[in-house]
Student: 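I have a structure I would like to understand better, so I am pasting it below and will then ask my questions one at a time.
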2 protein chains.
Amino acid sequence: MDYFQMESYLKAIGDSNRMRILKYLMKDSLCICEFTELMKMTQPAISQHMKKLKQAELVLEEKRGRWTIWSLNIRHAQYPILIHLLSLLPEPERTIETLKAEGKKVVCE
Amino acid sequence: MDYFQMESYLKAIGDSNRMRILKYLMKDSLCICEFTELMKMTQPAISQHMKKLKQAELVLEEKRGRWTIWSLNIRHAQYPILIHLLSLLPEPERTIETLKAEGKKVVCE
DNA sequence: TGTATTAATAAGCAAACACTTATATAATAA
DNA sequence: TTATTATATAAGTGTTTGCTTATTAATACA
């Protein structure tokens, strides 16, 4: 890995909202609309964060009907480091469980 | 560590020039003027990078006469991660040895 | 005393970043 | 078909970033 690849990698991770996204993806594969509910952000904001994570190959997308299901790319060479860094962070306040409790869990499949 | 602290940490590391600085510091403690020679950058540019690294507590400074000697903060909680990340990067082209060979090694002490 | 030397800081600037609102695309449902 | 839903993309905006040049501060040396 050269210096600019490492820079791209660290910049992709180094945003608090993208770290929250990655932290959620450690537990579940999720679609954009679920992130908008979990993180109280607009759909384009989430979409643009996913694009950055995708360009860094940190996440994978799978089209399923109208939805795009996003997941962690566990085959990324630096995946163990990512998991280690994310493990240092607390769980986000709103969880998939709270979404379900609110009846807002989207059935994407 | 919370999300914003992690963001600050990753942003401090996530610049190719600062990674080169940190890579040099893995081998030697160095002063600003040596970095300007090694990296062919201006003195204020180096100074400003050191300020960012200092704010993230990744480096320590020690005033010695006219010089400020910078070193890695090996007591930083995430020091092992830093070393691991830096170990993935190649050695910079110009080394302290090439500086000496060119007669440009500064005697800071 | 000056006068270099080393480094920090200030101010300015272009590019990148993270959002916004608006629109486009594509799949599903009525 | 038309409407709805989920997502992507485009365009605009304020903030941050990484440099530049100019200046300041502090030490060492003549």
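Letters A, B, ... are given to chains in the order of the sequence lines, protein chains preceding strands, and every chain is numbered from 1.
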Student: Treating A/R18 as the side-chain partner and A/K11 as the backbone partner, does any N or O pair qualify as donor plus acceptor under 3.5 Å?
Tutor: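 Between the backbone of A/K11 and the side chain of A/R18 there is a qualifying donor-acceptor contact (under 3.5 Å).
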
Student: Inspect the contact between A/R75 and A/E57 and indicate whether a charged nitrogen and a carboxylate oxygen are less than 4.0 angstrom apart.
Tutor: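 Answer for the salt bridge query: no.
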
Student: Using a 6.0 Å cut-off, check whether atom NZ of B/K54 has over 12 heavy atoms from anything other than its own residue.
Tutor: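 No, because the 6.0 Å sphere around NZ of B/K54 holds 12 heavy atoms or fewer from other groups.
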
Student: Rounded off to whole Å, could you give me the CD1-to-C1' distance for the B/I32 and C/dT9 pair?
Tutor: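 Atom CD1 in B/I32 sits about 13 Å away from atom C1' in C/dT9.
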
Student: Please confirm whether the shortest side-chain N or O distance from B/R64 to OP1 or OP2 of D/dT27 is below 4.0 Å.
Tutor: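 For B/R64, the contact criterion (side-chain N or O under 4.0 Å from OP1 or OP2 of D/dT27) is not met.
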
Student: Nearest whole Å is fine: how far is D/dT5 C1' from A/E37 CD?
Tutor: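 After rounding, the gap between these two atoms is 15 Å.
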
Student: Does a side-chain N or O from B/R66 land closer than 4.0 Å to OP1 or OP2 of D/dA25, or not?
Tutor: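 Checking B/R66 against D/dA25: no side-chain N or O falls below 4.0 Å of OP1 or OP2.
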
Student: Would you indicate which nucleotide in C/dA18, D/dA28, D/dT7 comes nearest to any side-chain atom of A/D15?
Tutor: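 From the listed options, C/dA18 comes nearest.
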
Student: Between P on C/dA7 and CH2 on B/W70, what's the gap in Å once rounded to a whole number?
Tutor: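 To the nearest whole Å, that distance equals 10 Å.
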
Student: How close or far is atom C1' of D/dT16 from atom NZ of B/K11, stated in whole angstroms?
Tutor: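 Going from NZ in B/K11 over to C1' in D/dT16 covers 8 Å.
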
Student: If you only use heavy atoms from C-beta on, which nucleotide in C/dC19, C/dA7, C/dA8 is closest to the side chain of A/N17?
Tutor: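 Among C/dC19, C/dA7, C/dA8, the one nearest the side chain of A/N17 is C/dC19.
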
Student: Looking at DNA chain C, which of residues 41-59 of chain A put a heavy atom within less than 4.0 Å of it?
Tutor: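 Here the set is A/M41, A/T42, A/P44, A/A45, A/Q48, A/H49, A/K52.
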
Student: How is the base pairing of DNA chain C summarised as a dot-bracket string, given the Watson-Crick and G-U wobble criteria with both distances under 3.5 Å, [ ] for crossing and | for another strand?
Tutor: ||||||||||||||||||||||||||||||

Student: Ignoring hydrogens and angles, tell me if any N or O in the side chain of A/R94 forms a donor-acceptor pair with the backbone of A/M39 under 3.5 Å.
Tutor: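 It does not hold such a pair.
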
Student: Tell me whether B/E34 contacts the main-chain N or O of B/C31 through its side chain, where contact means a donor paired with an acceptor under 3.5 Å.
Tutor: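 Checked: pair present.
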
Student: Under 3.5 Å, side chain of A/D28 to main-chain N/O of A/L30, donor-acceptor pair present?
Tutor: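 No.
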
Student: Given atom CH2 of A/W67 and atom P of D/dA8, what is their separation to the nearest angstrom?
Tutor: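 After rounding, the reported distance stands at 14 Å.
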
Student: Any side-chain donor-acceptor pair under 3.5 Å between B/E7 and A/S16?
Tutor: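 Short answer, yes.
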
Student: What's the CZ-C1' distance between B/R18 and D/dG18, to the nearest Å?
Tutor: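 Between C1' of D/dG18 and CZ of B/R18: 8 Å.
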
Student: A/E62 CD to D/dA6 P: how many Å, rounded?
Tutor: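 It works out to 17 Å between those atoms.
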
Student: For A/H76 and A/Y9, what are the C-alpha separation, side-chain angles and deciding distance, and is it a ring-ring contact (aromatic ring centres under 6.0 Å, His included)?
Tutor: CA-CA 11 Å; A/H76 189 286; A/Y9 174 73; 5.3 Å; yes

Student: Between D/dG18 atom P and B/I21 atom CD1, what is the distance in whole Å?
Tutor: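 One finds 11 Å between P of D/dG18 and CD1 of B/I21, rounded.
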
Student: Of the options B/M50, B/M41, B/K52, which is the one that meets B/I21 in a side chain to side chain contact (heavy atoms under 4.5 Å, CB included)?
Tutor: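 For B/I21, the side chain to side chain contact (heavy atoms under 4.5 Å, CB included) check succeeds only for B/M50.
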
